[in-house]
Amino acid sequence: MLACLLCHNIITTKFTLPWILSWQPVMRPVVCSVCWRQFVRIDRATACSKCGRAQKRPQPCTDCQRWPEIGPFHNEALFEYNDAMHDYFQRYKFQGDYQLRQVFAKIMQQAVVQRCAEICLVVPVTPTTLQTRGFNQVAGWLAAPLAPGFNDPGNSEVSATI
């Protein structure tokens, strides 16, 4: 039995006969539906057209209007930063709970692949942060588990070849 990585409650999976007969692989959730519903995905239809920040109209947000263009660099928010996301980052980044990388790994990897990125470069953390935390949080999302199109060169850098 699997426990939710966030609340530690048991996650139950119901298998139907049509699903069993479909021979599809078992997708084991790492977060229960109660915890997952606390994370709010940003609606692309109304998000900032440059960074993906949640807003009511699809136009550049005030930050993107203020910041200069940085060439082919692309930054995009996928979820709103609410209390659930704050708590997640506290545990993942600052308390070093590396297991929590699994919560958003697949979504992050899919987002990079969908954007048809030529390369995805993980900005290294400082040596002090790496020693304290023990890992680079972005490399954790992008490297575990590896999605199609990703390769791990064996260090804290992860690249996507699309």
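Contacts of Thr132 classified as side chain to side chain donor-acceptor pair (under 3.5 Å), with partners at least two apart in sequence or in another chain: none. Looking at residues two or more places apart in sequence or on another chain, you find a side chain to side chain contact (heavy atoms under 4.5 Å, CB included) between Ser33 and Arg37. Judged as a side chain to side chain contact (heavy atoms under 4.5 Å, CB included), and not counting sequence neighbours, the contacts of Pro60 are Ser49, Lys50, Cys64, Gln65. For Arg91, the salt bridge (charged side-chain N to carboxylate O under 4.0 Å, His left out) partners are Asp97, not counting sequence neighbours. Partners of Phe79 by ring pair (Phe, Tyr, Trp, His ring centres under 6.0 Å), not counting sequence neighbours, listed by chain and number: Trp36, Phe104. Checked against side chain to side chain donor-acceptor pair (under 3.5 Å), Gln38 has no partners two or more places apart in sequence or in another chain. With sequence neighbours excluded, no residue forms a side chain to side chain donor-acceptor pair (under 3.5 Å) with Thr128. Residues that satisfy the salt bridge (charged side-chain N to carboxylate O under 4.0 Å, His left out) test with Arg66, not counting sequence neighbours, are Asp63. For the side chain to side chain donor-acceptor pair (under 3.5 Å) test, residues two or more places apart in sequence or in another chain that qualify with His86 are Tyr81. Annotation: salt bridge (charged side-chain N to carboxylate O under 4.0 Å, His left out) contacts of Arg41 (sequence neighbours excluded): none. Residues satisfying the salt bridge (charged side-chain N to carboxylate O under 4.0 Å, His left out) test with Glu80, not counting sequence neighbours, are none.
One distance of note links CG of Asn136 with OG1 of Thr129; it measures 9.5 Å at 0.5 Å rounding.
Taking a 4.5 Å side-chain heavy-atom cut-off between Ile, Leu, Val, Met, Phe, Trp and Tyr, the cluster of Leu17 extends to Leu21.
Linking ILVMFWY side-chain heavy atoms closer than 4.5 Å, directly or via other members, places Leu100 and Ile107 in a single hydrophobic cluster. Using a 4.5 Å cut-off between side-chain heavy atoms of Ile, Leu, Val, Met, Phe, Trp and Tyr, with links allowed through other members, Leu5 and Phe94 fall into different hydrophobic clusters. Following chains of ILVMFWY side-chain contacts shorter than 4.5 Å, one can reach Met108 starting from Tyr98, so the two form part of one hydrophobic cluster.
Side-chain contact between Arg44 and Leu78 is present, with at least one heavy-atom pair separated by less than 4.5 Å. Looking only at side-chain heavy atoms (C-beta outward), Arg53 and Ile42 stay at 4.5 Å or farther from each other.
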Check against side-chain contact (heavy atoms from CB on, under 4.5 Å), Leu6 and Phe39 | CA-CA 12 Å; Leu6 299 173; Phe39 297 108; 3.6 Å; yes
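Crowding of Gln95 atom CD: a count of heavy atoms from other residues, nucleotides or ligands under 6.0 Å exceeding 12.
At least one donor-acceptor pair closer than 3.5 Å links the side chain of Gln109 to the backbone N or O of Leu142.
Of all the heavy atoms in Val125 and Gln137, the pair that sits closest is CG1-OE1, 4.0 Å. When all heavy atoms of Val30 and Ile11 are compared, the pair lying nearest together is C-CD1, 3.7 Å.
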